[in-house]
Undergrad: 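Handing you this structure, nothing more for now.
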Amino acid sequence: MKLEKGVTLISLTIYIIAMTIVIAVVASISTFFYENTQDASDFVDPLTEYTNFNRFFSEEVNHNNIKILELKENWVAFDNGTQYTFVPKNKAIYRNQVKVCANVENCVFQQQIKNGKEQIIVTVKMGKMQEKRIEFTLEK
């Protein structure tokens, strides 16, 4: 009797069946994984967005001798050419043409004089966060 070396038809069939099972298991796991993950850009953390807006706006009002050119309910323009605009349709706040804050339900800009200093009051509601009212005092 000869010693046969190599792959027989039965062993080849077993290999193909085993590989098909392994590929099916990997495919089902990866499908389950990708269906249950969410694109990070779709999820916006309201606190992060609020902090981002607060950082930009605080930096703006802390410039020396900054003045308000015009202030309406949904936007404010400064004498250095910067304008902050709330666009309800997009639910976003823009600094000139750049979006600095997303997922904004409502944003109102108001102006007041307190203790002889000019202030901007920003009332903002983001996502499920409570409405926040921030008073920014302009540097003279």
Side-chain angles (χ1 to χ4, degrees):
M1 189 165 160
K2 280 188 190 179
L3 182 64
E4 294 184 26
K5 292 184 179 182
V7 179
T8 64
L9 190 56
I10 294 174
S11 64
L12 183 62
T13 306
I14 291 172
Y15 292 144
I16 291 174
I17 290 172
M19 289 304 291
T20 305
I21 291 171
V22 168
I23 290 171
V25 167
V26 169
S28 65
I29 289 173
S30 65
T31 301
F32 177 74
F33 175 75
Y34 285 113
E35 284 178 357
N36 288 320
T37 58
Q38 187 177 34
D39 188 11
S41 63
D42 292 342
F43 177 73
V44 178
D45 181 21
L47 188 57
T48 303
E49 292 294 316
Y50 170 76
T51 304
N52 194 37
F53 166 73
N54 200 13
R55 177 178 60 95
F56 277 106
F57 203 79
S58 292
E59 185 179 305
E60 201 69 50
V61 298
N62 285 327
H63 284 119
N64 285 332
N65 298 321
I66 191 83
K67 291 181 178 59
I68 300 170
L69 287 181
E70 196 168 353
L71 187 138
K72 300 289 183 188
E73 186 174 312
N74 287 342
W75 60 274
V76 59
F78 295 103
D79 64 347
N80 64 356
T82 305
Q83 178 174 326
Y84 287 86
T85 309
F86 169 59
V87 181
K89 182 179 178 183
N90 299 17
K91 292 187 173 186
I93 299 173
Y94 292 86
R95 181 181 186 261
N96 295 334
Q97 301 297 321
V98 179
K99 185 188 290 188
V100 293
C101 191
N103 199 23
V104 180
E105 298 296 323
N106 191 26
C107 180
V108 176
F109 297 97
Q110 298 170 329
Q111 185 176 7
Q112 76 175 10
I113 305 289
K114 189 174 184 181
N115 298 329
K117 294 186 177 184
E118 194 171 17
Q119 289 187 332
I120 299 175
I121 300 167
V122 181
T123 307
V124 65
K125 168 111 173 75
M126 306 179 84
K128 295 181 180 180
M129 262 178 45
Q130 280 187 330
E131 189 172 84
K132 297 214 180 262
R133 183 177 190 266
I134 320 132
E135 294 179 2
F136 296 95
T137 303
L138 274 65
E139 291 291 320
K140 296 279 179 180

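Remember, predicted model here, so these are calculated numbers, not experimental data. Numbering of residues begins at 1 and proceeds along the displayed sequence.
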Undergrad: Return the minimal non-hydrogen interatomic distance between Gly81 and Asn96, and the atom names on each side.
TA: O-OD1, 3.3 Å
Undergrad: Look up atom NZ in Lys132 and atom CG in Leu47, then write down how far apart they are to the nearest 0.5 Å.
TA: 7.5 Å
Undergrad: Could you check if a side-chain atom of Val104 sits within less than 4.5 angstrom of a side-chain atom of Glu49, using non-hydrogen atoms only?
TA: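 Contact flag for Val104/Glu49 side chains = no.
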Undergrad: Only one of Ile68, Leu69, Thr82 passes side chain to side chain contact (heavy atoms under 4.5 Å, CB included) with Val76; say which it is.
TA: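 Among Ile68, Leu69, Thr82, the one that satisfies the side chain to side chain contact (heavy atoms under 4.5 Å, CB included) with Val76 is Ile68.
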Undergrad: Once side-chain hydrogen bond (donor to acceptor under 3.5 Å, both in side chains) is applied, do any residues pair with Ser58, and if so which ones, sequence neighbours excluded?
TA: Asn54
Undergrad: Supply the atom-to-atom distance Asn80 CG to Lys67 NZ, rounded to the nearest 0.5 angstrom.
TA: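 Rounded to the nearest 0.5 Å, the CG-NZ separation comes to 11.0 Å.
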Undergrad: Is there any salt bridge (Lys or Arg N to Asp or Glu O under 4.0 Å) pair reaching into residues 71-81, and which pairs are they, with sequence neighbours excluded?
TA: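 Applying salt bridge (Lys or Arg N to Asp or Glu O under 4.0 Å) to every pair that reaches into residues 71-81, excluding sequence neighbours, yields Glu70-Lys72.
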Undergrad: Might you point out which heavy atoms bring Cys107 and Asn74 nearest each other, and give the distance in Å?
TA: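 Of all heavy-atom pairs spanning Cys107 and Asn74, the closest is O-OD1, 3.6 Å.
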Undergrad: Got a sec, which residues hit salt bridge (Lys or Arg N to Asp or Glu O under 4.0 Å) with Arg55, two or more places apart in sequence or on another chain?
TA: none
Undergrad: Taking atom CD of Gln119 and atom CD1 of Ile113, what is their separation to the nearest 0.5 Å?
TA: 8.5 Å
Undergrad: In this structure, are over 12 heavy atoms from other groups packed under 6.0 Å from Gln97 atom CD?
TA: no
Undergrad: With sequence neighbours left out, write down each residue that passes side-chain hydrogen bond (donor to acceptor under 3.5 Å, both in side chains) with Gln111, or none if nothing qualifies.
TA: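 side-chain hydrogen bond (donor to acceptor under 3.5 Å, both in side chains) check on Gln111 returns Glu118.
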Undergrad: Please say yes or no: joined through hydrophobic side-chain contacts below 4.5 Å, possibly via intermediate residues, are Met126 and Trp75 part of one cluster?
TA: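 Different clusters.
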Undergrad: Identify whether Phe53 and Val108 are in the same connected component of the hydrophobic contact network (ILVMFWY, side-chain heavy atoms under 4.5 Å).
TA: no
Undergrad: For Ile10, is the CD1 atom crowded, meaning more than 12 foreign heavy atoms sit under 6.0 Å from it?
TA: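 Not buried by this count: 12 neighbours or fewer within 6.0 Å.
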Undergrad: Using a strict cut-off of less than 4.0 Å between a Lys/Arg side-chain nitrogen and an Asp/Glu carboxylate oxygen, indicate whether Arg133 and Glu135 qualify as a salt bridge.
TA: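 Salt bridge: yes.
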Undergrad: Do Phe57 and Ile120 have side chains that approach each other closer than 4.5 Å (heavy atoms only, starting at C-beta)?
TA: yes
Undergrad: Would you give the length of the straight line joining atom CG of Leu138 to atom CG of Asn65, rounded to the nearest 0.5 angstrom?
TA: 10.5 Å
Undergrad: If you compare all heavy atoms of Phe109 against all heavy atoms of Leu71, which two are closest, and at what distance to 0.1 Å?
TA: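 Distance-wise, the nearest heavy atoms are O-CD2, 3.5 Å.
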Undergrad: Between Phe78 and Val61, is any pair of side-chain heavy atoms under 4.5 Å apart?
TA: yes
Undergrad: Side-chain atoms of residues 84-92: list all donor-acceptor pairs with protein atoms under 3.5 Å, sequence neighbours left out, distances to 0.1 Å.
TA:
unit_1	atom_1	unit_2	atom_2	d
Tyr84	OH	Phe56	O	3.1
Tyr84	OH	Glu60	OE1	3.4
Tyr84	OH	Arg95	NE	3.1
Thr85	OG1	Gln83	NE2	3.1
Asn90	ND2	Tyr94	OH	2.8

Undergrad: Return a table of donor-acceptor pairs under 3.5 angstrom between the side chains of residues 12-23 and protein atoms on other chains or two or more places apart.
TA:
unit_1	atom_1	unit_2	atom_2	d
Thr13	OG1	Leu9	O	2.8
Thr20	OG1	Ile16	O	2.7

Undergrad: Does Cys101 offer a backbone N or O that forms a donor-acceptor pair with the side chain of Asn52 under 3.5 Å?
TA: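 No, the answer is negative, given that no donor and acceptor are paired below the 3.5 Å cut-off.
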